[in-house]
Amino acid sequence: MSDQKTPNNQSNSRSKNDRYDPKTIEPKWQKRWEEEGLYRTVEDPERTKWYALTMLPYPSGDLHTGHWYAMTPSDAAARWRRMSGFNVFFPIGFDAFGLPAENAAIKHNIHPKIWTYRNIERMRGQLKQMGAMWAWDREVITCDPGYYQWTQWFFLKFYDAGLAYRERAPVDWCPSCNTTLAREQVWGEERRCERCGTPVIKKELDQWKFRITKYADELLEGLDKLDWPEPVKIMQRNWIGRSEGAEVTFTTEDGDPIVVFTTRPDTLWGATFMVLAPEHPLVDKVTTPEHRAEVEAYKAEAARKDEIARTAADKEKTGVFTGGYAINPVNGERIPIWIADYVMMTYGTGAIMAVPAHDQRDFEFAKKYGLEIRRVIAGPDGDTGPLEEAYPAKEGFMINSGPFDGTPLPEAIDKVIEWLEKTGKGRRAVQYRLRDWLISRQRMWGAPIPIIYCPKCGTVPVPYEDLPVRLPDDAEFRPTGESPLKYHEGFRHVKCPKCGGDAERETDTMDTFVDSSWYQYAYISPYWKAGEPLSPDDLPWEKAKGDYWLPVDQYTGGIEHATMHLLYTRFFTKAMRDLGLVDFDEPMLRLYNQGMILGPDGEKMSKSRGNVVNPDEYVAKYGADTVRGYLMFIGPWDQGGPWDPSAIEGVHRFLYRVWSVVVDEPKPELVAAEPSPEEVRALERKLHQTIIKVTEDIAGFRFNTMVAALMEFNNALIKAKETPVVGSPIWEQAIRTLVLLMAPTFTHISEELWHRLGNEESVHLQAWPQADPEKAKEEAVTVVVQVNGRVRDKLVVEPNVSRDVLKEMALASPNVQKWIDGKQVRKVIVVPGRLVNVVVG
RNA sequence: GGGUCGGUGGCGGAACGGCAGACGCGGCGGACUUAAAAUCCGCUGGGGGAAACCCCGUGUGGGUUCGAAUCCCACCCGACCUACCA
């Protein structure tokens, strides 16, 4: 610590009657910080940047405990970085498009825009109460035209690059409301419409998609380089779902090819039937007249069931025989073709070869319908006996497989693929579970897709200079929930930019995940070129600023975004790189997922359960610092936990005691007295130990033990204050250090105390205390002496006492003697500075 | 069905091969007070003992080790995510 303290004039500013009053000091400092622009962001090439980002909130209208739990520790970590010398960017904004605004519009007949901005207004006030270092000068609101002009600009860039395309795809449709539904509007196992309760059906509509699958491999491989939590990486890997295998071409008896994908080409000789998805295009053709009625019935049922319950995955498998047969290319066998809804049209080719002996689903299906089960893989021990269940393991060797008999697994898979390619029967292939990203929403409150349909010119993108395609302010909201854009004549009718003739706008808007896929870039220069004509050569932010801040160094947020948002924003960044907008591959280098804060009953907070904790109430009662500290103290940040209304008192009492330690006058007779060197040394040691502990903990997001260390230090100070140490320089250094160490977490009280200690400049601009490891060292350590692993004595010695001396001391101890008496000492384990274990027997 | 995280006092949790229970809540006892609240001080895993001390304890059962809450194997329970992926 470099600053020199001036103990004499400090004590003058302290007064006995001055109690800790968060109600006064918190608004006072929030106002001062804002006036002085303490958290204004400045690009400073002289300093190392740190871009700290926390997931932006949806403006639902009220800041809840979950927001506090997600944001305040994130703020503390960012503040610590700042005090440690980084130039920190910690922006905030609102993810302001989306369904709730539209529901409110219908329910209360209020325009979503008005509802949204009103909520933002309210939440801004609540966010400011947190005492966080938000860069309000860079705030963005995704529903602002100055923001969504760029969302639309990205769409056009993607369209130009072939990354955005239109295709027929099924959507959830409520036949009663006569409208499409978003995924979150479909409720429960029964998949009913949230508004009217009618079972939802699927309907095919033309939909816009982003070609995220182009980056499937890169999204997978990029994970290895990221400092992200392993569970998120695993979820993304599973979501992308890369699997390697082969495509093999079967043929119908009419000679139509049916391509199947399999990860187990080594089991081709065990294919005893084939299954098509009910929607497969060849179903009608292979079905024989005598099976037609049954097949049609099953198709109709499957079409409905597909809607009702994908969730019923564990239900018994069903299917019907089509009457048709296919020829297995590897052995020329004629096998029956079935249709079954356990085969999905959306994965692979929509057709599978069924190998009941080696696939559990096929096995169950074959058992139920009496189809042949032919074992083609012997167990490693040579077992070729009949199977009670499928044998899916990739070990053993091939049997009943003609030329391949005896080929051992797992090499057999590669050998068969090579043979398939040589003979033209199939080829090596990779499949992904990942689908292209469907971004069309038949909704009004989203960024309009900037496309025009012209009867003459076809699909025409809106010219860049005509952006933004603005949402109308006068749309009418019908209780049916239909998109008002479709019925807004002024919006829909437009002149074709190419031929000038009458044309129509696309009325779908974009998925809100599109807005949040690039918001970390928008923060760089909010509303950059808002209202100006754009061109494809533009950059959506000021280049120099972007070069300085990007990419994000630390991202924090909930794990619920593991597969959607976090995959989409990675895709965006990779696409942006290929468009020449950025020169890096990944948007967020580090990620940390906080857990979920639960109600006092240990259950998820929900209005229906009545266990919702309103943070404003506690802020009003204890102040923001207590709420911040309590949320960090509750337990490990990544684990979350229940809100305990009585435990918060502990943190409040701690702050009260800190106040009194720093502010209250020490006893004059103690100040005048001379402390012993031991007393001084003990406080100095604790001081440096605390700096080390707090620094390590805040760096590692271990806020709970960080707060505990601060409490411990304060407890030590309370004791020291009753000794002559209060008159020594070490005391002044200790309370200064306590205030500095508390600053990232308890932002207001530390600022107030810092000023009361006689400082002019904000505590948040101070350098983080540096520990001296020498001064943190213990002079004496307790060495535990065990006999056969049980503690029998303790030795207090200097840390560097040698093994031999420790051994001697341990054996000389009367307590130890008692336990080894009459027994033979077989071994003595000595861990210097820690323990001695005497093994007798 | 698959995946991930977790199971430690009355409660939240700490320790993550070396003194189990830091820190906090709650509880008990004491000080202050006419009294209460607040505040301050002390004690607080269970059992035995007058005490020194001793025994038992980290979901269950095994294993590795001088030594296991911690590492390995099997199982039980809970939370979250995901779901017929060929």
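Every chain is numbered from 1, with letters handed out A, B, ... down the list of sequences.
Residue contacts for W819(A): at a heavy-atom cut-off of 4.0 Å it reaches the sugar-phosphate backbone alone, with no base atom in range. Residue contacts for R702(A): at a heavy-atom cut-off of 4.0 Å it reaches no nucleic acid atom on any strand shown. Contacts of V343(A) with the nucleic acid, taken as non-hydrogen atoms under 4.0 Å apart, include base atoms. No engagement by M596(A) is indicated, since no non-hydrogen atom pair under 4.0 Å with the nucleic acid exists. Within the 4.0 angstrom heavy-atom criterion, no nucleotide atom of any strand lies near E560(A). Within 4.0 Å of N715(A), counting heavy atoms only, lie sugar-phosphate atoms of the nucleic acid but no base atom.
In this structure, U4(B) forms a base pair with A79(B), meeting either the Watson-Crick or the G-U wobble geometry with both donor-acceptor distances under 3.5 Å. Across all strands shown, C43(B) pairs with G27(B); the Watson-Crick or G-U wobble distances both stay below 3.5 Å. Base pairing annotation: A52(B) forms no Watson-Crick or G-U wobble pair, as no partner gives both donor-acceptor distances under 3.5 Å. Across the strands present, G67(B) finds no partner; the criterion is a Watson-Crick or G-U wobble pair with both atom distances under 3.5 angstrom.
Here the nucleotide nearest the side chain of V839(A), chosen from C66(B), C19(B), C84(B), is C66(B). Checked against C66(B), C55(B), C23(B), the side chain of R790(A) finds its nearest nucleotide in C55(B). Distances were taken from every side-chain heavy atom of T782(A) (C-beta onward) to each of C19(B), C81(B), C84(B); the shortest belongs to C19(B). Listed nucleotides: C84(B), A22(B), G18(B). Nearest to the side chain of V831(A): G18(B). The side chain of T705(A) sits closest to A14(B) out of A14(B), A86(B), G18(B). Listed candidates were C40(B), C66(B), C84(B). Nearest to the side chain of R657(A) is C40(B). The side chain of V791(A) lies closest to A20(B) when the candidates are C25(B), A86(B), A20(B). Comparing G18(B), U4(B), A86(B) by their nearest atom to the side chain of I829(A) picks out G18(B). For R653(A), the side-chain atoms get nearest to C25(B) when compared with the rest of A20(B), C25(B), A86(B). Of the listed nucleotides (C23(B), C84(B), C25(B)), C23(B) has the atom at the smallest distance from the side chain of M711(A).
In this entry the distance linking OH of Y432(A) with C1' of A86(B) reads 17 Å, nearest Å. Counting to the nearest Å, the P atom of G26(B) and the CD1 atom of I648(A) are 12 Å from each other. The CG atom of N714(A) sits 18 Å away from the P atom of A22(B) (whole-angstrom rounding).
Within 6.0 Å of the CD atom in E798(A), the count of heavy atoms belonging to other residues, nucleotides or ligands does not exceed 12. Residue-environment remark: NZ (K368(A)) exceeds the threshold of 12 foreign heavy atoms within 6.0 Å. For K807(A), the NZ atom is loosely surrounded, since the number of other residues' heavy atoms within 6.0 Å does not exceed 12. Residue E230(A) qualifies as enclosed at atom CD: its count of foreign heavy atoms under 6.0 Å is above 12.
Below 30°, between 30° and 60°, or above 60°: for W637(A) and Y69(A) the angle between ring planes is above 60°, a perpendicular geometry.
For the OP1/OP2 pair of C85(B) and a distance below 4.0 Å, the side-chain nitrogens and oxygens of W239(A) include no atom meeting the criterion. OP1 or OP2 of U82(B) has not a single side-chain nitrogen or oxygen of R433(A) nearer than 4.0 Å. Within the 4.0 Å cut-off from OP1 or OP2 of A86(B), not a single side-chain nitrogen or oxygen of T349(A) is found.
The side-chain tip of R433(A) points at the ring of W239(A) from less than 6.0 angstrom away and within 45° of straight on.
Comparing K818(A) and V707(A) by the nucleotide of RNA chain B whose heavy atom lies nearest to each, the residue mapping closer to the 5' end is V707(A). Along RNA chain B, the nucleotide nearest to E712(A) and the one nearest to K604(A) differ in position, and the one closer to the 5' end is contacted by E712(A).
With rounding to the nearest 0.5 Å, the separation of NE2 in H280(A) from CD1 in I337(A) is 9.5 Å.
The base of C19(B) sits with one of its N or O atoms less than 3.5 Å from a complementary donor or acceptor on the side chain of K794(A).
Side-chain rings of W437(A) and F513(A) stay apart, their centers remaining 6.0 Å or farther from each other. Between Y630(A) and Y618(A), the distance separating the two ring centers is not shorter than 6.0 angstrom.
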Heteroatom pairs (N/O) under 3.5 angstrom, protein to nucleotides 9-13 of chain B:
from, atom 1, to, atom 2, distance (Å)
G12(B), O2', I634(A), O, 2.7
G13(B), O3', N704(A), ND2, 3.4

